[in-house]
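The structure under discussion appears below in the form of structure tokens.
Keep in mind the model is a prediction, meaning the values are calculated, not measured.
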Amino acid sequence: MAEHAQVLIVGGGIIGTSVAWALAARGVAGVEVVDLDLAGVYASSELNAGGVRATWWQPVNIDACKATLDFFRLRGAEFGFRERGYLWLYTDPGLWERALEKRALQNTRGLDVEALEPSEVWRRFPLLDRARAEIVGATFSPRDGLVNPNAVRAWYRSEAERLGVRFRNRHYVAGVATARSVGAGGRVRRVSHVDVTEVIRGDPTDTAGTLQEILTTHRVPQAAVCAESRIHCEVCINCLGAWSSVLLAKIGLRDVTEPVRRQIALIDVRATDLASETRLDSLGMIVDASGLYFHPEGSYVLAGYSTPDEAPGFDFAYDGQSFFENEIWPRLAHRASAFERCGHVRGWAGLYDVTPDRSGIAGAVAGFSNLYEAHSFTGRGVMQSYAVGRSLAALVATGQFEGVDLSPLTRERFDDRSRWVTEDLHI
Ligand SMILES: Cc1cc2nc3c(=O)[nH]c(=O)nc-3n(C[C@H](O)[C@H](O)[C@H](O)COP(=O)(O)OP(=O)(O)OC[C@H]3O[C@@H](n4cnc5c(N)ncnc54)[C@H](O)[C@@H]3O)c2cc1C
């Protein structure tokens with residue numbers, strides 16, 4: 001027999017957890033979250049760089065990040081929020097000109113972004129002592145910074161649980177049952193859990209669907225078998241991150257999101273005089289013109305680089321020393337002599353969930369009366385988590401976004417290129 005949830009959130013990463021908390025905070029009862037692994041071993045929410053900034057080039061991304069940073073600031077110590085700014089270096093005159101244009105937009109939204117002449121960059125960031133001639137300018141956004149994403153997700157979860165949300169761990173979403181009514185006859189068809197995709201796709205005359213049940217498989221403690229749960233729900237929200245297609249495929253929708261591997265390396269600078277000479281722990285995020293980004297992490301430096309030719313796929317392999325030697329170290333040492341003698345400690349890979357315009361997807365899923373989604377936030381999910389959770393919860397509860405209007409982010413935009421929310425300030 002099926003169990004019942006009023007709102008079933010599929011995926012308990014930082015986005016699903018934030019939505020769960022925001023729903024419960026609005027007084028919605030019967031909210032449940034299912035996830036195959038709430039520890040998040042493969043969840044991007046546990047594998048990211050912890051950078052948070054509102055300095056984007058698209059208004060909806062600026063607003064969602066700004067609202068989230070304002071929220072982080074309220075709980076600064078609890079969330080490990082450090083308002084140390086983002087320094088963004090430019091070598092391409094065309095891009096620099098665009099950055100100056102976008103700075104005007106950013107500052108109308110209260111970001112106080114500074115445009116720095118190269119001489120000012122060297123004065124304020126003496127660490128950057130190499131290849132200075134190629135820099136044409138930089139922006140510095142003092143209100144951006146760094147956060148502890150694990151602490152943020154843990155807070156959303158503990159608050160959600162306090163308000164009655166149930167989190168089900170080790171539940172792998174394996175099937176979906178939908179019903180569709182067609183025309184005046186109101187035919188309702190239950191679909192097998194086993195091969196849902198094929199059956200649904202076989203009936204193109206269907207017009208409106210309802211997601212009825214999610215089938216999960218999960219291990220039962222003290223038993224050698226996997227058990228199944230059928231969870232009937234009134235509302236379902238797809239928060240599967242880079243796995244959003246798992247659910248969408250089961251209801252016959254093609255996802256536009258591609259999972260793409262992103263790697264980060266932890267760097268030991270203790271053998272150098274970097275820490276003492278440059279006051280490493282006062283630095284925020286530095287984004288080099290090469291695409292390399294780095295920031296201090298305790299007495300280490302965390303550095304990432306998104307290799308442009310990375311093929312899409314669910315790839316979590318970290319390339320190790322070769323990633324450090326080929327991608328990270330040359331770019332660091334090109335910009336700062338202090339990194340000459342730094343060492344590779346370790347690193348990891350996680351997934352960006354990348355859409356064609358590199359902005360996230362949030363809203364109601366057209367063609368279904370009770371299906372919503374919030375995923376595909378590329379490298380931006382932590383810094384948009386609060387605004388997305390709050391606004392999507394309002395949409396579910398009242399039919400309207402609230403706080404930040406996320407309507408530019410609905411999936412229908414991909415049917416019309418003029419509605420794409422193309423985000424270029426991307427690392
Ligand atoms: C290397 C790297 C660096 C990043 N740096 C930053 C940064 O500095 N700042 C920032 O804001 N963002 C950053 N991001 C992006 C950010 O981490 C993500 O946007 C965000 O974590 C996405 O959260 P999510 O909840 O949508 O997805 P996830 O955290 O991936 O959660 C999805 C959940 O779905 C579950 N799941 C998957 N399949 C199933 C299934 N079949 N059944 C049940 N559960 C399932 C998973 O277990 C997982 O818990 C970075 C990402 C990476 C990879």
Problem - Electrostatic pair Arg153:Glu46 at N-O distance under 4.0 angstrom - result: yes
Problem - Any donor-acceptor N/O pair, Gln6 side chain to Val235 backbone, under 3.5 Å - result: no
Fill in the blank from the handout: The salt bridge (Lys or Arg N to Asp or Glu O under 4.0 Å) partners of Arg157 (sequence neighbours excluded) come to Glu161
Practice task
Taking the side chain as every heavy atom from C-beta outward, state whether Val152 and Phe81 have any pair of such atoms under 4.5 Å apart.
Solution key: no
Exercise for the section: I would like to know whether Leu283 and Phe125 meet side chain to side chain contact (heavy atoms under 4.5 Å, CB included); could you show each step before the answer? Expected result: CA-CA 9 Å; Leu283 288 177; Phe125 299 88; 3.9 Å; yes
Practice task
Using the six-membered ring wherever Trp is involved, compare the ring planes of Tyr318 and Phe323 and label them parallel, tilted or perpendicular (cut-offs 30° and 60°).
Solution key: perpendicular
Practice task
Side-chain contact test, heavy atoms from C-beta onward, threshold under 4.5 Å: evaluate it for Phe294 versus Val287 and give yes or no.
Solution key: no
Handout entry: Set of salt bridge (Lys or Arg N to Asp or Glu O under 4.0 Å) partners for Glu134, sequence neighbours left out
Key = Arg335
Practice task
Flag the pair Arg380 / Glu423 as yes when at least one side-chain heavy-atom distance between them is below 4.5 Å, and no otherwise.
Solution key: yes
Handout entry: His295 side chain vs Ala49 backbone, donor-acceptor pair below 3.5 Å
Key = yes
Practice task
Measure the CG-OG1 distance between Leu36 and Thr216 for me, rounded to the nearest 0.5 Å.
Solution key: 10.5 Å
Practice task
Check whether any side-chain heavy atom of Thr139 lies under 4.5 Å from a side-chain heavy atom of Tyr90, and answer yes or no.
Solution key: yes
Fill in the blank from the handout: dist Cys236:SG -> Ile214:CD1 (nearest 0.5 Å) comes out at 4.0 Å
Practice task
Mind checking the CZ-CD1 spacing from Phe377 to Ile15? Nearest 0.5 Å is all I need.
Solution key: 4.5 Å
Handout entry: ring-ring contact (aromatic ring centres under 6.0 Å, His included): pairs with one or both residues in residues 7-41, sequence neighbours excluded
Key = Trp21-Phe71, Trp21-Trp155, Trp21-Tyr156
Problem - Exam field: side chain Arg261 to backbone Ala317, donor-acceptor pair closer than 3.5 Å - result: yes
Exercise for the section: Mind jotting down which residue pairs meet the ring-ring contact (aromatic ring centres under 6.0 Å, His included) criterion with at least one end in residues 31-50? Sequence neighbours excluded, please. Expected result: Tyr42-Phe316
Exercise for the section: Could you tell me whether a side-chain N or O of Ser45 sits under 3.5 Å from a main-chain N or O of Ile14, the two making a donor and an acceptor? Expected result: yes
Fill in the blank from the handout: Rounding to 0.5 Å, atoms OG1 (Thr68) and CG (Asp70) come to a distance of 8.5 Å
Practice task
Give the intermediate values and the outcome of side chain to side chain contact (heavy atoms under 4.5 Å, CB included) for residues Val19 and Val7.
Solution key: CA-CA 11 Å; Val19 176; Val7 181; over 6 Å; no
Problem - Pairwise side-chain contact, Phe140 with Arg124, heavy-atom cut-off 4.5 Å (strictly under) - result: yes
Quick one: side chains of residues 93-103, donor-acceptor pairs under 3.5 Å with protein atoms, not counting sequence neighbours, listed by atom name and distance.
unit_1: Arg98; atom_1: NH1; unit_2: Asp424; atom_2: OD2; d: 3.0
unit_1: Arg103; atom_1: NE; unit_2: Val113; atom_2: O; d: 2.7
unit_1: Arg103; atom_1: NH2; unit_2: Val113; atom_2: O; d: 3.4

Completion exercise
The reported gap from OG1 in Thr55 to CE in Met383 (rounded to nearest 0.5 angstrom) is 8.0 Å
Exercise for the section: Drop me the distance from Gln384's CD to Asp63's CG, to the nearest 0.5 angstrom. Expected result: 10.0 Å
Exercise for the section: Identify whether the distance between the nearest side-chain nitrogen and carboxylate oxygen of Arg53 and Asp144 falls below 4.0 Å. Expected result: no
Exercise for the section: Could you verify whether a donor N or O on one side chain and an acceptor N or O on the other, from Ser244 and Asn238, lie under 3.5 Å apart? Expected result: no
Handout entry: With Trp348 via ring pair (Phe, Tyr, Trp, His ring centres under 6.0 Å) - residues at least two apart
Key = none
Handout entry: Sequence-distant partners of Asp353, salt bridge (Lys or Arg N to Asp or Glu O under 4.0 Å), two or more places apart
Key = none
Practice task
List in chain and number order the residues that pass salt bridge (Lys or Arg N to Asp or Glu O under 4.0 Å) with Glu258, two or more places apart in sequence or in another chain; answer none if no residue qualifies.
Solution key: none
Practice task
List for me each residue that meets side-chain hydrogen bond (donor to acceptor under 3.5 Å, both in side chains) alongside Arg262, sequence neighbours excluded, and say none if there are none.
Solution key: Ser306
Problem - Side-chain donor/acceptor of Trp329 to backbone N/O of Cys342, under 3.5 Å - result: no
Problem - Min side-chain heavy-atom separation Ser141-Leu111 under 4.5 Å - result: no
Problem - Ser385 and Ser18: side chain donor to acceptor below 3.5 Å - result: no
Completion exercise
When every non-hydrogen atom of Thr307 is compared with those of Glu310, the smallest separation belongs to OG1-OE1, 2.8 Å
Problem - Donor-acceptor under 3.5 Å (Thr398 side chain, Ala394 main chain) - result: yes
Problem - Donor-acceptor pair, side chain of Asn370 and main chain of Glu234, under 3.5 angstrom - result: yes
Handout entry: 4.5 Å side-chain heavy-atom contact, Phe414 and Ile361
Key = yes
Problem - Close side-chain approach of Leu128 and Leu87, heavy atoms under 4.5 Å - result: yes
Practice task
Could you give me the CA-CA distance, side-chain angles and deciding distance for Glu327 and Asp319, then say whether side chain to side chain contact (heavy atoms under 4.5 Å, CB included) is met?
Solution key: CA-CA 10 Å; Glu327 309 294 0; Asp319 288 342; over 6 Å; no
Exercise for the section: Kindly write out the residues that satisfy side-chain hydrogen bond (donor to acceptor under 3.5 Å, both in side chains) with Arg346, not counting sequence neighbours, or none if the list is empty. Expected result: none
Practice task
Decide yes or no on side chain to side chain contact (heavy atoms under 4.5 Å, CB included) for Tyr300 and Arg270, but give the supporting numbers first.
Solution key: CA-CA 8 Å; Tyr300 296 92; Arg270 289 172 303 175; 3.4 Å; yes
Handout entry: Parallel, tilted or perpendicular: rings of His344 and Phe324 (30°, 60°)
Key = parallel
Practice task
Determine whether more than 12 heavy atoms belonging to other residues, nucleotides or ligands lie under 6.0 Å from atom CD of Glu78.
Solution key: yes
Handout entry: Side-chain donor/acceptor of Arg358 to backbone N/O of Val354, under 3.5 Å
Key = no
Problem - Heavy-atom pair of closest approach, residues Ala397 and Val28 - result: CB-CG2, 4.4 Å
Problem - Side-chain (Arg413) to main-chain (Leu409) donor-acceptor, under 3.5 angstrom - result: yes
Completion exercise
The complete set of salt bridge (Lys or Arg N to Asp or Glu O under 4.0 Å) pairs with one or both residues in residues 9-31, sequence neighbours excluded, reads Arg26-Glu402
Exercise for the section: With sequence neighbours excluded, tell me which residues meet side-chain hydrogen bond (donor to acceptor under 3.5 Å, both in side chains) with Arg417. Expected result: none
Handout entry: Side chain Thr410, main chain Gly363, donor-acceptor under 3.5 Å
Key = no
